[in-house]
Amino acid sequence: MSTTTISRASTERALELKESLTEVRTRVQQAISGKNKEAILVAVSKYKPASDVLACFEAGQLDFGENYVQELVDKAQQLPPSIRWHFIGTLQSNKAKVLASIPNLYTIQTVTSVKVAAALNKAIPAERSSPLNILLQVNTSGEDNKSGLPPLSVESESNVESELTQLARHIVSECPQLYLQGLMTIGSLTESLASTEKPNEDFERLCLTRDLLQQALVQAGLPPDGGKWGTDGKLLLSMGMSSDFEAALKAGSDVVRVGTSIFGSRPKKEITS
Ligand SMILES: *Cc1c(COP(=O)(O)O)cnc(C)c1O
């Protein structure tokens, strides 16, 4: 657990990271100005060395996101225990145990099945002090290469019966070690890149899905004041990446996941979850 053993970023790299972090933070603040709310900036450090994470941490960054279980496990072991780790990659239930054993894992943003939720709930070690925050991933763009459950829609009579609501109900009622915190989406990036003026339909779809899911939970006898889900009676929304986080914040996002704008570009080989 010692942080003294990991290699440190060069002075030049540390300064570069500090500057890009400051710039992204300023842009986040500008995008939420006048909204009377706070936003969580998750620095997405996948493929980047632990020394980069440490440099950002020392510049005041607390929240970091990772996509791969083993990479997260390795980094969490080397880096300060006060970091809040967010898992944002595709998760299979057979990896639940190793992930759940990370004491300072703060959220898993990509839960899409009862099977994974149940595996996580079971795998949380007894010594963990607070429930693990869970976000459900929604495939707002409907693209085949994105994971996530279908969004809810106003026309649908069966929002209470939908997969998303069923999963939310399962977590709230059957998983005492998990806390349903909100919803996450990636959305279609090409569209949001093209124009920041035009509202991104995927972001609007996630906002609507949140409202409908909240109604469905109330209908199912699970009101927010039971302290069983959300923050102050509302599910949080995690949406927005380097290319679209300002648009996402303007559309009502609470959590943005920014990698490239902080750490620079990554090797091309990756597949987005
Ligand atoms: C990689 C990744 C990000 C960060 O993407 P950037 O475009 O580099 O900001 C955000 N969310 C998810 C789910 C990712 O996989």
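In each ligand, atom 1 is the first atom listed, and ligand 1 is the first ligand listed.
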Output field: ring centroids Tyr68/Tyr47 closer than 6.0 Å: yes

Matching residue for Val69 among Ile102, Val98, Asn94 - test: side chain to side chain contact (heavy atoms under 4.5 Å, CB included): Val98

Atoms of ligand 1 close to Val258 [distance to a heavy atom under 4.0 angstrom, numbered from 1]: 9 (O)

Atom indices of ligand 1 within 4.0 angstrom of Gly259 heavy atoms, with elements: 4 (C), 6 (P), 8 (O), 9 (O)

Nearest neighbour of atom 14 (C) of ligand 1 from the list Met241, Met184, Lys46, Gln137, on a heavy-atom basis: Lys46

Option with minimal heavy-atom separation from atom 11 (N) of ligand 1, where the choices are Arg257, Glu66, Gln109: Arg257

Between Ser141 and Glu143: side-chain donor-acceptor atoms closer than 3.5 Å: yes

Ligand 1 atoms in contact with Ser242 (distance to a heavy atom under 4.0 Å): 6 (P), 7 (O), 8 (O), 9 (O)

Check ion pair Glu66-Lys75 (N to O, under 4.0 angstrom): yes

For Asn67, atoms of ligand 1 separated by under 4.0 Å from a heavy atom: 14 (C), 15 (O)

Atoms in ligand 1 flagged as close to Thr260, the criterion being non-hydrogen separation under 4.0 Å: 6 (P), 7 (O), 8 (O), 9 (O)

Qualifying ring pair (Phe, Tyr, Trp, His ring centres under 6.0 Å) pairs with a residue from residues 102-127, counting only residues at least two apart or across chains: His86-Tyr106

Electrostatic pair Arg27:Glu246 at N-O distance under 4.0 angstrom: yes

Contact partition for Thr110 relative to ligand 1, non-hydrogen atoms under 4.0 Å: neither

